[in-house]
> 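Could you have a look at this structure, given as structure tokens, before my questions?
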There are 2 protein chains.
Amino acid sequence: MLDMQLAYIGAAAGALGLLFALFTMASVLKEPMGTEKMKQISEAVQEGAMAYLNRQYKTLIPFALVIFVLLFFMHNGTSLAISFIVGAICSAIAGYIGMNSTTKSNARTAEAARSHGLGKALNVSFRAGAVMGLSVAGLGLLGVSVLYIIFKDAVIINSFAFGASAIAFFARVGGGIYTKAADVGADLVGKVEAGIPEDDPRNPAVIADNVGDNVGDTAGMGADLFESYAATTIAAMILGNSLFGLSGALFPLLVGAAGIVAAIIGTFFVRTGEGGNPQAALNVGLWTTNILTAIAVFFLGRSIFGATEGTGIFLAVLAGLVVNVAVGMLTEYYTSNQKSPTLRIAEASKTGPATNVIHGLAVGMESVFIPMLVFAAAIYFAFWAASWVDPAHAIYGIAMAAMGMLSTAGMVVAMDSFGPVADNAGGIAEMAELPPEVRQKTDKLDSVGNTTAAIAKGFAIGSAALTALALFQAFADEVVRNPRLQHLLQGGKLVINLNEPLVLVGLFIGASMPFLVAAITMRAVGEAAFGMVNEVRRQFREIPGLLEGTGRPDYARCVSIATGAAINKMILPGLLAVGVPLVVGFGLGALALAGFLAGLTATGVLMALFLANAGGAWDNAKKWIEAGNLGGKKSDPHKAAVIGDTVGDPCKDTSGPAMNPLIKVAGTISLIIGSMLLH
Amino acid sequence: MLDMQLAYIGAAAGALGLLFALFTMASVLKEPMGTEKMKQISEAVQEGAMAYLNRQYKTLIPFALVIFVLLFFMHNGTSLAISFIVGAICSAIAGYIGMNSTTKSNARTAEAARSHGLGKALNVSFRAGAVMGLSVAGLGLLGVSVLYIIFKDAVIINSFAFGASAIAFFARVGGGIYTKAADVGADLVGKVEAGIPEDDPRNPAVIADNVGDNVGDTAGMGADLFESYAATTIAAMILGNSLFGLSGALFPLLVGAAGIVAAIIGTFFVRTGEGGNPQAALNVGLWTTNILTAIAVFFLGRSIFGATEGTGIFLAVLAGLVVNVAVGMLTEYYTSNQKSPTLRIAEASKTGPATNVIHGLAVGMESVFIPMLVFAAAIYFAFWAASWVDPAHAIYGIAMAAMGMLSTAGMVVAMDSFGPVADNAGGIAEMAELPPEVRQKTDKLDSVGNTTAAIAKGFAIGSAALTALALFQAFADEVVRNPRLQHLLQGGKLVINLNEPLVLVGLFIGASMPFLVAAITMRAVGEAAFGMVNEVRRQFREIPGLLEGTGRPDYARCVSIATGAAINKMILPGLLAVGVPLVVGFGLGALALAGFLAGLTATGVLMALFLANAGGAWDNAKKWIEAGNLGGKKSDPHKAAVIGDTVGDPCKDTSGPAMNPLIKVAGTISLIIGSMLLH
């Protein structure tokens, strides 16, 4: 019933998304940038961000070339190598487009707030975010569809996802280190030691800090979700092809196409007037996207798989959309300063920093349990729904749940990327000395941005979990077809028996990897921040008149220190993330690698939730005190809460986010080497 | 070749261990207690400790009775119920004997240090610890052997291990909360606010603090290892019986018997002179025990299983002994203030509490990786060594590795229990105003006690991991014999396929349990400590002349507050630990329960290592600064390190230790209900 031509629908929808992104960017760039000073600051941030991206990608070129060459000499090498490099390049292009858009829109958002008001400021900043969102989804779907049209084999083009994965891990870790080193340097010396306000132009680290918001939140999150998008689509295609033939392979592309069209429509619903509620406007956009996608999938599924099976698969997709909403709400619950977990941390600040930290750790640890139950329920439900017609089809369910979740990535990334734009706009309003009411408007947007960032974090973790499970199923499917591994099968299926010593060995090694990577990245932030603190102190000491506003700080030096530290310190965790799965796979074999993936996924998701939610809760507990509670700013509880927040910074912005690509990169590598394993 | 009579050897060795413990206690009680004041203080600590134990066990009686009745109405109910209650009672008796011995020896140790010197003080305190050690091992082996002689079925007497487990979880959690609530109360108000030294008799919480050392370290650790001992012996017997018949079931009893005799001999090697090295003396005792056990197992194994298989099984036992040594050394490495991980935390204190905490978290997370590799290697090696003659025998290997590790429990518990005695002796020397050189000697013993405590913590975690794996295998073995679960078998074996949704669901739920329990126990310490802080503040405020030394503090009130808080707050985590496995098993079935056990074991061990090592490293970083480095006491780095240490307290002494019984109680429950599961 279906033929290969339908892949062109995927390609077309991907291209549509990309064109929409470019068109939106052009329209945003037509907005005025405001005063000369605003323009200068915006350009400094943009230069810093681009300089970082350039160095990051340049550092990755030799690494990518080595993998390219290795892939080239494998069976089907040309196709694998090409797919890999296209994946890496597409991820980089999405990063460049998105960063270009967000860093060029900060001054424009500030100017919109100044000359028009809140509604226009939301409009400009959200459109800037939508550029990133639709670039990620559009390039993802376009790349996968075109490669599939060319190579006609989903297993080969998994190499595209591997290329995206490799980039994503470095982008997440490097961006995470950058943003926190700059943040700590700016805060610790500027705010605490020198006593000048946030975003003060006298602070030498202020530009680096604003750059950090972009390279951490926008570029890092974009690369993360680009990877999830590509990996999930391809894993679903591999499983679909095994179970249903061509129609099963093409269906994920159609779901993706529906999601992109829905996201484009959704963006038009994000608007608010003066005095309106930007959060509500964003929610309308997200719900529009979710509902339109669900409706489209219902009809597509039934027409391709028939009424019964199509409805089952639709329900699996729906499970993914529900997980998306549920995890976002749970993240919000555990980290919102309106809710008891965070308020308990704030209360504990009354007895000092130690009790603040203990309660923060407790909130983070507690916050994993219900989301994990949600994942477990969704996994079970998706398996069940997909097995109505044939129990063997059950494994398609989890892949389609992941696909359902990720089909809306265009909108979620748009909502997430708008946050740093609003944050930067506030910084520019401060540095360019705009009237206070402008800052009030950008602050309102910024606080909405914090909520959407929390939702996006939950989305990134949830999608990483489902993606990893889909990759896990696809890996098992591939092992079944590996002629050298037939002795591992029972009844034609791969049996990954937890009673086998090798599976247990893999499980133990995999389960401990996230702890190791979290430790390394956490320490990296400390060391990078140390260098930044020393540089800012040096400038305050050596540049005459700096604090009085007559001397000019050397912003570029701080930008370059943050860049260098981030690049240097992303190498070791990156090599571990890529190397350990290879060692386990080739050294201990397919069963150990399967155990490794299961252990890695379970604790990777746990650590991601723990670190993100603890960090978010510490941050908001501090903000609640700063709003005037428990004595407000400069009180003893506030000092305790600042310490908790500083502990939380690397947790939520570096180590936690590194967990998502860590579990996905292992999955895509396993898929690449699955056909080569000898035992 | 073997007959049931050999079980009497196990019973005899167990009785010998117990008699040796009672004889040693009688000899310790003959030592002089010193001045009237020393006697009074010692009696106050002893009364407090016994009051706590009484209330703890009294609280557990209804809980135990409910389980007793439930078991009674099951198939084979009488035997199950009797075994359960015997296990619970034996655990309680071991607790009483041990606590009686350690709390009655503190003043005697101080007196030995005063009138004889270091050698005699080590002798008294170590003998007091040996009472606990040999009670645990002796009662464990005696109980298992006698019940086996009576019921002749290892599956039934697993209920003995379940009884021990249930007690152990409450003892660990309750004791952990008690010790930290008292410690924080004594330190925060006494040392920090009132500025009086540690162990000052004017501090109302000082007796509670000394009681806490006993109920946390001695009673909690003893119950934990009693449980591991019983559960491992029984799991090994179940597997041995399945694979080899009677000889396989009896062999673990013989290994246990060899271990007890070796430990008794080992105790005679623990002696040192004035100016000698107590640590070296303890090491000689431990190595003697290890080597004698290994030699005995070599000959026993070969005579029972033949030369080839016997050597293989001997190597599996050896793997357990090696893990014991390796994990102890790794724990020491990550937490010693001679080594770089802890020194890095101390250095980070220079930039304040936040960086101290971040580096502590990083050390804790990093410290899990190599121990997990050691476990993985030992698992694989033990499987391999046991499979030389028949691959199906592989699963006996892991049980024998666990048995090898635990056979030396008598000596390890002795070394661990001597620490709190020395610690208490120092406190009594301080409170009874003995000359400073006495305190110097007890301090020397106390610092050795910190090292042996670290080794014992590693031992407890390692043995819990191996015990859990042995229970896991025994559970799988039991499912094979459940007539209602034959559809889960393939080729006569239970296949716990990670590709099955229910296994994944169980894995996810199990993996998140340790985070939840850690969060609840961590918060419990905070709340209990809060009550204690308020009481100590109240006494300082309301009792006239307290700080001047003319008023008398109300020690009993503090003891009673710590007791009440610990008892109340152990209930919820206890019900979760017992309830969740039941819900998963009866609700989702055997496969989900197997996944649950695997996930729980993996993250339980990870969290145990993370929390214990982070806490230990923070503690020793503080001690290193207190020794005069980085400005010494009262410097800013010291203040930062104190905050880190306070964060680490509940990690290392409450939440971390709770992980061991958490994973074991789930294993013993699974074994109990394995034959009842319907799907």
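The figures that follow rest on heavy atoms only: side chains count, while hydrogens, waters and symmetry mates do not. All chains are named by letter (A, B, ...) in the order of the sequence lines, taking the proteins before the strands, and each is independently numbered beginning at 1. Quick caveat: nothing in here was measured; it's all calculated off a predicted structure.
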> Apply the test side chain to side chain contact (heavy atoms under 4.5 Å, CB included) to residues A/K180 and A/M522: give CA-CA distance (whole Å), side-chain angles for both, the deciding distance (0.1 Å), then the verdict.
CA-CA 10 Å; A/K180 285 302 110 179; A/M522 210 170 260; over 6 Å; no
> In terms of heavy-atom proximity below 4.5 Å to chain B, should A/L507 be classed as side chain, backbone, both, or neither?
side chain
> Give the member of B/Q490, B/R344, B/M513, B/M607 that has the highest number of heavy-atom pairs under 4.5 Å with chain A.
B/R344
> Do you know which two heavy atoms are closest between A/G510 and A/P514, and how far apart they sit?
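Smallest interatomic distance, heavy atoms only, reads O-CD, 3.2 Å.
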> With a cut-off of 3.5 Å and sequence neighbours excluded, list every side-chain donor-acceptor pair involving residues 369-386 of chain A.
none

> Applying a heavy-atom distance below 4.5 Å, give me the residues of residues 493-502 of chain B that approach chain A, sorted by number.
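Answer by number: B/K493, B/L494, B/V495, B/I496, B/N497, B/L498, B/N499, B/E500, B/P501, B/L502.
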> Heavy atoms only, distances under 4.5 angstrom: which of B/I358, B/T646, B/I643, B/V505 has the most pairs with chain A? Name it, please.
B/I358
> With a 4.5 angstrom heavy-atom cut-off, could you sort out which part of A/L469 is near chain B: side chain, backbone, both or neither?
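Only the side chain of A/L469 comes within 4.5 Å of chain B.
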> Would you mind checking which part of A/V517 comes under 4.5 Å of any heavy atom in chain B, side chain (CB onward), backbone (N, CA, C, O), both or neither?
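Contact with chain B: none, neither part.
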> Give the minimum heavy-atom separation between B/A528 and B/I177, together with the two atoms involved.
CB-CG2, 3.8 Å
> Spell out, as yes or no, whether a donor-acceptor pair under 3.5 Å connects the side chain of B/S349 to the backbone of B/N356.
no
> What distance do A/D477 atom CG and A/L239 atom CG have between them, rounded to the nearest 0.5 Å?
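A/D477 atom CG to A/L239 atom CG measures 5.5 Å (nearest 0.5 Å).
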> Where the side chain of A/S655 meets the backbone of A/C651, is there a donor-acceptor pair that is under 3.5 Å apart?
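Answer holds: no.
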> Which pair of non-hydrogen atoms, one from A/V357 and one from A/W618, has the smallest distance, and what is that distance?
O-CZ2, 3.4 Å
> Tell me, side chain or backbone of B/L516 under 4.5 Å from chain A's heavy atoms, or both, or neither?
both
> With a 4.5 Å cut-off on heavy-atom pairs, point out which of B/V368, B/L606, B/D645, B/T355 contacts chain A the most.
B/L606
> Got a donor-acceptor contact below 3.5 angstrom from the B/S387 side chain to the B/A394 backbone?
no
